[in-house]
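Here the structure is laid out as structure tokens; the discussion comes afterwards.
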Amino acid sequence: MSSTGAMTGLRVIDLTRVLGGPYCTQILADHGADVIKVEPPAGDEVRDWGPPFHEEDAAYFVGINRNKRSIGLDLASEGGRAVLMKLLETADVLIENFKPGTLDKWGIGNDVLRAKFPKLVHCRISGFGADGPRGGNPGYDAIIQAMTGMIAATGSPESGPMRIGVPLVDITTGLYAAIGILMALSERQRSGLGQFLETTLYETGLAIMHPHTANYFMHGKPPGLTGNEHPNLVPYAIFPTRTDNIFIGVGNDGTFRKLAKEIGKPELGTDPRFARNKDRIANRDALRAELAAVFSQHEAEPLCNRLLAAGLPAGPVQKIDQALTNPHTLHRGDIIEKDWYKGVASPIRLERTKPSLRRTPPKFSQHTSEVLGEFGYSKDEIAALVAKGAVCGSDRKR
């Protein structure tokens with residue numbers, strides 16, 4: 001299918017499963033890359049992570065695998081690996097999240113790939129990397145949240161430590177992988193060579209712990225549990241109104257004075273307890289009481305609209321259904337649809353080379369014949385590979 005995306009002409013062989021890798025390759029696919037999703041004979045396990053399901057595929061899978069073609073390969077078999085090597089002949093990028101050492105065990109490790117395909121960018125996503133005390137250990141989002149200080153810094157004194165409610169580590173690892181791939185492709189334009197790159201969940205978890213790591217390096221104190229409040233800024237928290245909760249976030253003293261004036265309490269902006277951010281931090285509870293008394297007299301939506309129009313950081317605390325049907329969401333075209341599929345559009349908006357929805361998420365091994373035919377396999381050869389179990393037919397049940 002034709003595309004005018006920024007990644008048009010890029011071929012990606014995607015051996016990843018679950019979340020970080022597929023999230024990365026969907027970013028590239030949305031912008032025109034030809035992503036061939038190579039699945040093991042049992043399929044990507046998140047196809048089963050439901051309900052809800054569309055036919056046999058869970059929403060979890062559907063949400064991160066659009067614009068891709070699927071082929072089932074048994075890479076543990078010699079025949080399956082031979083097909084993979086054929087696919088790599090015209091590939092720009094290989095991305096995988098096998099346990100470090102798996103490809104080496106199969107005789108197709110990075111040294112082999114580098115010698116055979118010198119222009120290939122090989123990206124590996126892993127839990128902890130190949131070396132170090134935890135080298136080769138499996139990685140899971142919530143476990144990395146726990147191990148990198150994220151859970152210990154999230155929650156309130158009442159709730160205790162809390163897991164962040166979205167798989168932030170997995171998703172951000174996918175983002176870093178996409179950035180790394182683009183960096184390697186950019187460098188390849190100068191050197192003519194591909195290279196190996198790695199992103200790990202563990203390093204990602206540490207990298208996104210800002211400002212807690214910066215604060216710790218400065219004063220040596222681990223963060224406390226501040227709930228929805230910010231360790232470095234006040235006010236930065238949820239407040240109830242007459243209707244719904246709102247979130248107020250103030251980044252500097254001038255903004256606070258403007259907020260105080262806009263809500264009819266200009267004296268708060270010059271009160272010595274609240275005049276500077278460090279004063280507001282020292283008198284956090286007193287300021288919260290002052291603001292809560294004012295906000296309780298207003299309705300959430302009109303108040304936030306007025307504050308936002310004045311350039312002040314305020315927003316209603318919305319549920320997902322409200323966010324997805326919000327007039328601004330709809331105006332910006334943030335929801336995309338094709339046939340039975342509905343999803344959130346790529347947030348990367350380029351002026352000329354726009355993202356597009358060309359394919360709905362694939363059924364397991366749906367494109368086996370199509371893809372292998374493009375690589376020169378005859379119908380009889382494909383049938384023979386299916387019969388041997390090296391390749392999974394598109395009509396096969398997982």
Side-chain angles (χ1 to χ4, degrees), residues 19-20 22-24 26-27 29-31 46 49-54 57-67 141-142 145 150 154-156 159 162-175 178 208 226-230 233 235-251 255 259 291-292 295-296 298-350 354-357 360-361:
L19 179 51
Y23 193 87
C24 166
Q26 182 169 276
I27 293 170
D30 280 352
H31 289 267
V46 300
W49 286 16
F53 290 95
H54 172 263
D57 294 324
Y60 202 109
F61 173 88
V62 165
I64 51 174
N65 283 288
R66 66 185 176 223
N67 285 327
D141 181 277
Q145 285 195 33
M150 209 170 292
T154 305
S156 66
S159 70
M162 296 281 289
R163 178 183 70 88
I164 295 171
V166 294
L168 188 62
V169 174
D170 278 337
I171 287 172
T172 311
T173 302
L175 288 170
I208 62 177
T226 57
N228 291 304
E229 301 201 14
H230 199 289
L233 296 172
Y236 199 98
I238 287 179
F239 292 89
T241 70
R242 198 160 57 204
T243 51
D244 296 302
N245 290 330
I246 63 172
F247 202 102
I248 300 290
V250 170
T255 299
L259 172 67
L291 294 176
F295 295 146
S296 66
H298 294 269
E299 294 185 357
E301 193 78 22
L303 174 62
C304 288
N305 289 342
R306 180 161 63 83
L307 294 178
L308 284 168
L312 291 164
V317 178
Q318 299 184 140
K319 294 181 179 179
I320 189 68
D321 57 332
Q322 296 171 298
L324 293 176
T325 57
N326 185 279
H328 189 75
T329 301
L330 300 179
H331 174 84
R332 294 280 296 174
D334 293 330
I335 308 301
I336 53 176
E337 298 183 61
K338 181 178 176 63
D339 302 330
W340 57 268
Y341 172 85
K342 182 182 285 189
V344 176
S346 171
I348 304 169
R349 306 293 173 90
L350 298 169
K354 301 181 184 301
S356 60
L357 175 55
T360 58

[X] side, atom [atom1]; [Y] side, atom [atom2] - distance, nearest 0.5 Å:
{"X": "Ser356", "Y": "Asn67", "atom1": "OG", "atom2": "CG", "result": "6.0 Å"}
{"X": "Tyr60", "Y": "Leu19", "atom1": "OH", "atom2": "CG", "result": "4.5 Å"}
{"X": "Ile164", "Y": "Thr154", "atom1": "CD1", "atom2": "OG1", "result": "4.0 Å"}
{"X": "Leu175", "Y": "Ile208", "atom1": "CG", "atom2": "CD1", "result": "9.5 Å"}
{"X": "Leu330", "Y": "Leu324", "atom1": "CG", "atom2": "CG", "result": "9.0 Å"}

Going by side-chain contact (heavy atoms from CB on, under 4.5 Å), name the residues that satisfy it together with [X], two or more places apart in sequence or in a different chain.
{"X": "Arg163", "answer": "Ala142, Gln145, Ile151"}
{"X": "His54", "answer": "Trp340"}
{"X": "Gln322", "answer": "Gln318, Lys319"}
{"X": "Ala300", "answer": "Thr241, Thr243, Asp244, Ile246"}

State whether the side chain of Gln26 and the backbone N or O of Asn65 hold a donor-acceptor pair below 3.5 Å, judged by distance alone.
->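 Yes; at least one donor-acceptor contact below 3.5 Å.
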May I ask you to decide if Val169's main-chain N or O and Asp141's side chain share a donor-acceptor pair within less than 3.5 Å?
->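 Checking the backbone N and O of Val169 against the side chain of Asp141, a donor-acceptor pair under 3.5 Å is found.
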Can you run down the ring-ring contact (aromatic ring centres under 6.0 Å, His included) pairs that involve residues 298-334, sequence neighbours left out, and say none if there aren't any?
->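 Checked against ring-ring contact (aromatic ring centres under 6.0 Å, His included) - neighbours excluded - no pair reaches residues 298-334.
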Please tabulate, one pair per line, all N/O donor-acceptor pairs under 3.5 Å involving side-chain atoms of residues 343-350, not counting sequence neighbours.
from	atom 1	to	atom 2	distance (Å)
Ser346	OG	His31	NE2	3.0
Ser346	OG	Ile348	N	3.2
Arg349	NE	Ser346	O	2.8
Arg349	NH1	Arg332	O	3.2
Arg349	NH2	Asp334	OD1	2.7

Least distance between heavy atoms, [X] atom then [Y] atom:
{"X": "Ile27", "Y": "Ala178", "result": "CD1-CB, 4.2 Å"}
{"X": "Ile238", "Y": "Asn228", "result": "CD1-ND2, 3.5 Å"}
{"X": "Cys24", "Y": "Gly174", "result": "CB-O, 3.3 Å"}
{"X": "Phe53", "Y": "Ala58", "result": "CD2-N, 3.4 Å"}
{"X": "Pro240", "Y": "Asn245", "result": "CA-OD1, 3.3 Å"}
{"X": "Ala314", "Y": "Cys304", "result": "C-SG, 4.2 Å"}

Test log, rule side-chain contact (heavy atoms from CB on, under 4.5 Å), inputs Ile248 and Leu307 | CA-CA 10 Å; Ile248 300 290; Leu307 294 178; 4.0 Å; yes
With Thr360, which of Arg66, Lys338, Lys342, Glu337 fulfils side-chain contact (heavy atoms from CB on, under 4.5 Å)?
->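 When side-chain contact (heavy atoms from CB on, under 4.5 Å) is applied between Thr360 and each of Arg66, Lys338, Lys342, Glu337, only Lys338 qualifies.
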With sequence neighbours excluded, tell me which residues meet side-chain hydrogen bond (donor to acceptor under 3.5 Å, both in side chains) with Thr255.
->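 Partners of Thr255 by the side-chain hydrogen bond (donor to acceptor under 3.5 Å, both in side chains) criterion, ordered by chain and then number, come out as Asn252.
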Check side-chain hydrogen bond (donor to acceptor under 3.5 Å, both in side chains) between Asp170 and all other residues, then give those that pass, not counting sequence neighbours.
->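 Asp170: no side-chain hydrogen bond (donor to acceptor under 3.5 Å, both in side chains) contacts found.
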Only pairs at least two apart or in different chains count here, so list each side chain to side chain donor-acceptor pair (under 3.5 Å) that has a residue in residues 301-315.
->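 Listed once each, the pairs are Glu262-Arg306.
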Please test Tyr23 against Thr173 for side-chain contact (heavy atoms from CB on, under 4.5 Å), starting from the C-alpha separation and ending with a verdict.
-> CA-CA 9 Å; Tyr23 193 87; Thr173 302; over 6 Å; no
Residues which pass ring pair (Phe, Tyr, Trp, His ring centres under 6.0 Å) with Phe247, listed by chain and number, not counting sequence neighbours =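 For Phe247, the residues satisfying ring pair (Phe, Tyr, Trp, His ring centres under 6.0 Å) (neighbours in sequence not counted) are Tyr236.
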What's the verdict on side-chain contact (heavy atoms from CB on, under 4.5 Å) for Thr329 and Ile335, showing C-alpha distance, side-chain angles and the deciding distance?
-> CA-CA 7 Å; Thr329 301; Ile335 308 301; 4.0 Å; yes
